[in-house]
Amino acid sequence: MVAEKMDTDKQADGPAPETEAKAGQARQMSPLEALFGLVNVLETSVKLKETKMGRVMRICASTRSQLSPETLRAFFSTVLADDVESKGFLTAHAEQASAGQVAAMDTSEASSSGKAESQKPTNTPEVEIMCFMLLLMNLLDNKKAQQAKEVSIKALQRLSTLNRRTLDTIAARIYFYYAWSHEQTGQLADVRSTLLALHRTTTLRHDSIGQETLLNLLLRNYLHYGLYDQAEKFRSKAQKEDVFRSHQQYCRYLYYLGRIRAIQLEYSEARDCLQQASRKAPTSALGFRVTADKWLTLVRLLLGEVPERAEFAVPGLSQPLQPYYEVTQAVRRGNLDAFAQVAAKYDAVFRADATRNLVTRLHQNVLRTGLKRISMAYSRISLADVAAKLALPSVEDTECIVAKAIRDGGVDAVLDHDTGAMASKETQDVYVSSEPAEAFHARVAFCLDLHNEAIKAMRYEVCCSRMRASRRRQ
Amino acid sequence: MALQESAALLAKLKDAYSKNDLKTCSSVLDQLKVKLIQFPSLPPVNQPSPTAQQELTLTREALEHACCVSIKQQDEAAMERAFVQLKVFYEDTRSKLPPSPQETTLQGLNLLRLLVQNRVAEFHTELELITPETQALPEVAHVLQMERWLMEGAYNKVLASSQSGTATDLHAQLMSQLATTVRDEIASCCEKAYTQLKLADAQRMMMFDNEKAILAYAAEHNWPVQGGRIFFQVEGKAGKVEGPPPLALINNALMYAKELERIV
């Protein structure tokens, strides 16, 4: 499920021009220097009591790929004051991580050591927790899940002794890595009670970012084990705000909600959720979009919609979505044999994606589309012919199946038992019915809803307005 | 102490169950449940105790019997309660206990119960918890096949398999209840799909034993019977071509006006 891990580092709205310039600078700096810059930014934000830490997270993201355990060790030993109790723990782990690798101290790092001396050690808890975060990031990037697990447990212990609002954003990341490292080592079930306790704490502290993150982590945890019932109960009971603070967390939430709804057979709601999740996901989060699109394709098929061929041709999506594309084709043609073949061929894929049961449910949709095509093409056809066309075993079955299709409104026809035939009704003019009015209403309602949502989403951070006010005074 | 007493009660329960003495069963079960509460090692407390394994196994077995008894008594609510309790044992004690030989059977029965009650959403939620390997086992696969037939509309197969005398008497109990549900489904399909139907054909389709039963059923649904034929869709033909309902249109227009007012 690695693909599903959305890259939370990337801000969807894109950094402001000035920060982009800064990031460009950071790229030319050596990783160590970049980290020192990060500490300064972090400490300034702490002083200003800024809780969002957008810039800190952006710098973290840009230096992420350049980090090596060696750099981290040097960084920890310089930047953390000696009285920080986890200093020893952090440096030891960084050392352990670098032990396996060839310690390649590049020249730029050596030259920056002069600057390292000028960097004052600090004991700000935010910096300490950020050090944990950087180490975790590095360990997980290097696939050292076991070690990351130990570090994350220690980080949580340290976090439990702190209660500072400026920590919330970084703490939320630590929670994420905590769950992620446990998932990679296959011990996801063990962390459930810890996560629940943390969720309670964050709710009590009105730490909305932590709350959102933990909500999603718990949903993921439940869904990993197929506990849809518990997930839905938790989701509906858990306290959450109307508007999510983090865009990424909202995308994830929509995805999990869509999955729950799909399992509960509430397909239209599931489609709306999954569609939004897929559209709102940042362009860089390709893995997430692939996973969401897989579910979306199946849900749309179950609803009787057929996704366009072009939707499968998007670069990056076409290859992983291939099995789903073939399923779509089978459903569109209404060919039971082809459907069974595809289902058997990609059984392992569907099993891994946890969509196998949904694919099985599609069976009746295949029948339905096949039936619809026949009723469109023939004004009167004998049931025996229908059975032959759909490869159904007996005429009695066919009669029952057609009867149900007629009742559910999929096919507009009349059965005649005496002659054993299905007669299609004359298609009546849709413009006489209320269908156009309904379609019009659905669109207008969508636009109005969109407008209202947009207004609701215009929420300003308290600190932002305060800063702007102070700037104006100057 | 409590362990020995409950073991004795369980033996008594099993004895009564094998004799099909449901009254004794439920009275013994009531006593047994009170005893079981005293075990310290049961979920959700999960306190370690030296006899934890025996306690858990014993409780699981007792609950399994409780499920079966409630099915025989046709008490669906009791069956649901018992199974919810039992599910905890199947899921959370998997690491502590060897799997129960009854597990798949009971899972199958539970799925069947959800089908009988037409709770399809919960059916699928439960299904997500069952591994593909277990789904392939006959006890569960049979129910899955049932569900598929129901969904695609092959009701005749469901009825046929409910009357063919399936594996155990527990299944048969639930299946006979399913047959009633299915019959109503067939009836509503026929109503929509046919204009008229011969009595004999209707009787065969809905699997009634004699003509009297089908006549009674037709009378119940207000289907007119003339000359050995049932006629459907008598009403509703006249006002077929009707425009959009005016009231809904007015409501929509008012809503647009209100929303637009808010925007401008």
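Just so you know, these numbers come straight off a predicted model, no measurement behind them. Lettering follows sequence order; numbering is per chain, from 1.
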Leading residue by heavy atom contact count with chain A [cutoff under 4.5 Å; candidates B:A248, B:S188, B:C189, B:A154]: B:C189
Rounded distance [0.5 Å steps], CZ in B:R148 versus CG in A:L367: 10.0 Å
B:R119 versus chain A, the contacting section by heavy-atom distance below 4.5 Å: neither
Over 12 non-hydrogen atoms of neighbours within 6.0 angstrom of CZ in A:R333: yes
Between CG on residue A:L415 and SG on residue B:C190, distance to nearest 0.5 Å: 9.0 Å
Listed partners of A:D416 passing side-chain hydrogen bond (donor to acceptor under 3.5 Å, both in side chains), at least two apart: A:T419
Interchain contact, A:D347 with chain B, by part (heavy-atom threshold 4.5 Å): neither
Residue-level contacts of residues 356-363 of chain A with chain B, using a heavy-atom cutoff under 4.5 Å: A:R356, A:N357, A:T360, A:R361, A:H363
Which portion of A:I260 sits near chain B, non-hydrogen atoms under 4.5 angstrom: neither
Contact residues of residues 129-138 of chain B (partner chain A; heavy-atom separation under 4.5 angstrom): B:L129, B:P132, B:E133, B:Q135
Proximity breakdown for A:L265 and chain B, heavy-atom pairs closer than 4.5 Å: side chain
Residues B:E191 and A:R407 bridged, charged N to O under 4.0 Å: no
Atom NZ of B:K87: over 12 foreign heavy atoms under 6.0 Å: yes
Step-by-step salt bridge (Lys or Arg N to Asp or Glu O under 4.0 Å) determination, A:R368 to B:E152: CA-CA 8 Å; A:R368 214 35 80 76; B:E152 67 183 32; over 6 Å; no
Contact leader toward chain A among B:K198, B:E126, B:R229, where contacts are heavy-atom pairs under 4.5 Å: B:R229
Check against side-chain contact (heavy atoms from CB on, under 4.5 Å), B:R262 and A:H451: CA-CA 11 Å; B:R262 229 191 285 170; A:H451 177 261; over 6 Å; no
Which atom of A:K404 lies closest to which atom of B:M151, heavy atoms considered: NZ-O, 3.0 Å
Among the listed options A:E399, A:Q264, A:H417, the residue most often paired with chain B at heavy-atom distances under 4.5 Å: A:H417
Heavy atoms from other residues, nucleotides or ligands near OH of A:Y225 exceed 12 (cutoff 6.0 Å): yes
Heavy-atom proximity to chain A below 4.5 Å, by part of B:L127: both
When A:E232, A:R351, A:E266 are compared by non-hydrogen pairs under 4.5 Å with chain B, the top option: A:R351
Chain B contact residues among residues 440-450 of chain A, heavy-atom distance under 4.5 Å: A:F440, A:H441, A:V444, A:L448
B:Y155/A:E396 under side-chain contact (heavy atoms from CB on, under 4.5 Å): CA gap, chis, key distance, verdict: CA-CA 10 Å; B:Y155 294 126; A:E396 279 92 56; over 6 Å; no
Between A:D418 and B:Q196, a side-chain donor and acceptor under 3.5 Å: no
Heavy-atom side-chain contact between A:Q364 and B:W149 under 4.5 Å: no
CD (B:Q145) with more than 12 external heavy atoms under 6.0 Å: yes
